[in-house]
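This report refers to the structure that appears directly beneath it.
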2 protein chains.
Amino acid sequence: MQLTKGVEQALCIIVLLATQESSAPLASDEISKRLGVSPSYMKKIIRKLVVQGIAVSVSGNNGGVSLAKPAADITMLDVIEAMEGPIQMYPDTGLIGLAFHDKQYTEKGQKLLRSVFSQGDRLLIEYFSKVTAADLLKEGLGTSNLPTLNWNRETLSDVIDKERDDDK
Amino acid sequence: MQLTKGVEQALCIIVLLATQESSAPLASDEISKRLGVSPSYMKKIIRKLVVQGIAVSVSGNNGGVSLAKPAADITMLDVIEAMEGPIQMYPDTGLIGLAFHDKQYTEKGQKLLRSVFSQGDRLLIEYFSKVTAADLLKEGLGTSNLPTLNWNRETLSDVIDKERDDDK
DNA sequence: ACTAATTGGATAAAGAATATCCATAATGGA
DNA sequence: TCCATTATGGATATTCTTTATCCAATTAGT
């Protein structure tokens with residue numbers, strides 16, 4: 001009943017991409033450094049966002065990733081489903097059929113349980129499809145004017161910032 | 001984003017217990033046969049239900065398990081939490097703090113995300129706390145008069161039923 | 001065409017969920 | 001009191017998912 005870390009990571013990636021200077025794609029290696037995971041793992045995460053249509057990637061020199069659409073059109077549901085597949089709580093291994101041998105009742109029971117849980121699924125889907133990445137950015141940064149910068153190059157100064165913080 | 005099989009198993013156990021002749025506790029070994037898992041594993045599953053207050057168990061001769069309260073007082077939420085612990089979707093590894101070094105914004109962001117997800121948690125909690133085992137039994141069996149039988153002894157005839165089904 | 005930078009996809013390692021075995025404790029009946 | 005029955009708890013095996021790594025395919029610039 002818990003989302004995987006991937007969701008948290010994906011959200012951070014989206015924040016980076018949303019504040020990236022629009023001209024330049026952001027290299028996945030930079031993102032991986034920033035999130036503290038291996039470059040190759042990060043590619044895999046990003047791939048999921050690309051498949052879902054949240055991000056686009058270009059290979060080759062100066063390649064990288066950028067958002068496929070405005071942050072206002074990216075919902076939390078998109079992100080969750082990109083990382084974990086469709087929301088479907090009930091594992092449904094057909095156990096009821098194995099445990100009770102009465103065709104009529106087991107089928108009825110199966111159906112009932114599925115409907116109870118898919119109702120739960122629907123609640124989540126409805127809720128998460130109403131929260132967009134733009135909402136998060138706006139509330140998180142306190143402004144709807146997104147600052148943009150080139151995260152490909154800002155790494156160094158950022159590290160310096162961090163060191164200054166640590167010294168205090 | 002999926003519940004574990006344990007939830008499905010627990011629900012089957014509850015159906016068995018709810019239709020068990022009230023006088024006699026049901027032996028966990030019988031349940032294990034019926035659900036096709038090992039006796040020792042079944043005992044662990046059942047233990048979780050006992051700890052949560054859904055079932056009570058007595059050891060010794062003619063011991064076993066029975067429901068701790070009427071099916072109408074057992075909610076789906078109880079069952080889910082018995083098997084998986086409290087509903088809490090967000091993994092919250094503190095990744096945001098690691099990725100961005102600005103104290104002010106990261107704290108704000110953390111808080112925001114937590115609240116978005118705990119709102120989702122609340123939706124589920126509210127929904128699942130309204131569905132009771134009695135509801136499931138009633139709709140699944142088509143009657144609110146629960147048939148009761150002694151599953152400790154019915155196993156044999158049940159197996160015969162199954163064999164007859166298979167022969168067809 | 002060559003080289004450097006990057007993504008894409010197969011594969012391995014780690015971790016969590018699932019299941020089992022075994023030793024111990026509790027209970028009721030002979 | 002002794003024995004058969006049943007739950008409890010700890011250690012361990014197994015399977016599945018998540019996490020991470022390595023190498024091959026693609027692209028841009030020269």
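Everything quoted here is computed from the prediction, not taken from an experiment. Per chain, numbering begins at 1; letters A, B, ... match sequence-line order.
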Practice item. Could you walk me through whether B:Thr75 and B:Asp78 pass the side chain to side chain donor-acceptor pair (under 3.5 Å) test, one step at a time? Key: CA-CA 5 Å; B:Thr75 69; B:Asp78 293 332; 3.2 Å; yes
Review point. When you look at A:Phe117 and B:Tyr127, which way does the ring pair (Phe, Tyr, Trp, His ring centres under 6.0 Å) test go after all the steps?
Key: CA-CA 10 Å; A:Phe117 281 107; B:Tyr127 172 62; 8.6 Å; no
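Rounded to an integer number of Å, the gap from CG of A:Asp29 to P of D:dA20 is 15 Å. Distance, B:Glu30 CD to D:dT6 P: 8 Å, rounded to whole Å. Look at CD1 on B:Ile45: it is 14 Å from P on D:dA7, rounded to the nearest Å. The distance between atom CG of A:Leu49 and atom P of C:dT7, rounded to the nearest whole Å, is 13 Å. Rounded to whole Å, the distance from NZ on A:Lys44 to P on D:dT18 is 11 Å. A:Lys33 places its NZ atom 13 Å from the C1' atom of C:dA5, with the value rounded to the nearest Å. Here C:dT20 presents its P atom at 10 Å from CE of B:Met42, a figure rounded to the nearest Å. Here D:dT18 presents its C1' atom at 10 Å from CD of A:Glu84, a figure rounded to the nearest Å.
Note on residues 80-97 of chain A: pairs passing side chain to side chain donor-acceptor pair (under 3.5 Å), not counting sequence neighbours, are A:Thr4-A:Glu84, A:Tyr90-B:Glu8, A:Asp92-A:Arg114, A:Thr93-B:Glu8. Listed by first and then second residue, the side chain to side chain donor-acceptor pair (under 3.5 Å) pairs involving residues 44-56 of chain B amount to none (not counting sequence neighbours).
Salt bridge B:Glu126/B:Lys130: present, at least one basic N to carboxylate O contact under 4.0 Å.
Taking the side chain of A:Ser57 as heavy atoms from C-beta on, and the options D:dT8, C:dG8, D:dA20, the nearest nucleotide is C:dG8.
No hydrogens or angles were tested; on distance alone, nothing pairs the side chain of B:Lys48 with the base of C:dT18 as donor and acceptor under 3.5 Å.
The side chain to side chain contact (heavy atoms under 4.5 Å, CB included) check on B:Pro39 picks up B:Asp29, B:Ser32, B:Lys43, with sequence neighbours excluded.
Looking at B:Leu136 and A:Leu112, their side chains come closer than 4.5 Å, going by heavy atoms from C-beta outward. Residues A:Glu107 and A:Ile96 have side chains not in contact (no heavy-atom distance under 4.5 Å, counting atoms from C-beta outward).
The C1' atoms of five pairs define one axis at each end of the helix from C:dA1-D:dT30 to C:dA30-D:dT1, and these two axes lie 10° apart (to 10°).
There is a side-chain donor-acceptor pair under 3.5 Å between B:Tyr41 and B:Gln9. A:Asp135 and A:Thr132 share a donor-acceptor pair across their side chains, judged by distance under 3.5 Å alone.
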Please enumerate all protein N or O atoms sitting under 3.5 Å from an N or O of nucleotides 22-30 of chain D, with distances to 0.1 Å.
residue	atom	partner	partner atom	Å
D:dT27	O2	A:Asn61	N	3.4

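Taken together through direct or relayed side-chain contacts under 4.5 Å among Ile, Leu, Val, Met, Phe, Trp and Tyr, A:Ile87 and B:Leu113 form part of one hydrophobic cluster.
Looking at which nucleotide of DNA chain D each of A:Val37 and B:Arg47 is closest to, the 5′-most match is held by B:Arg47.
Contacts between residues 3-10 of chain B and DNA chain C, counted as heavy-atom distances below 4.0 Å, involve B:Thr4, B:Lys5, B:Gln9.
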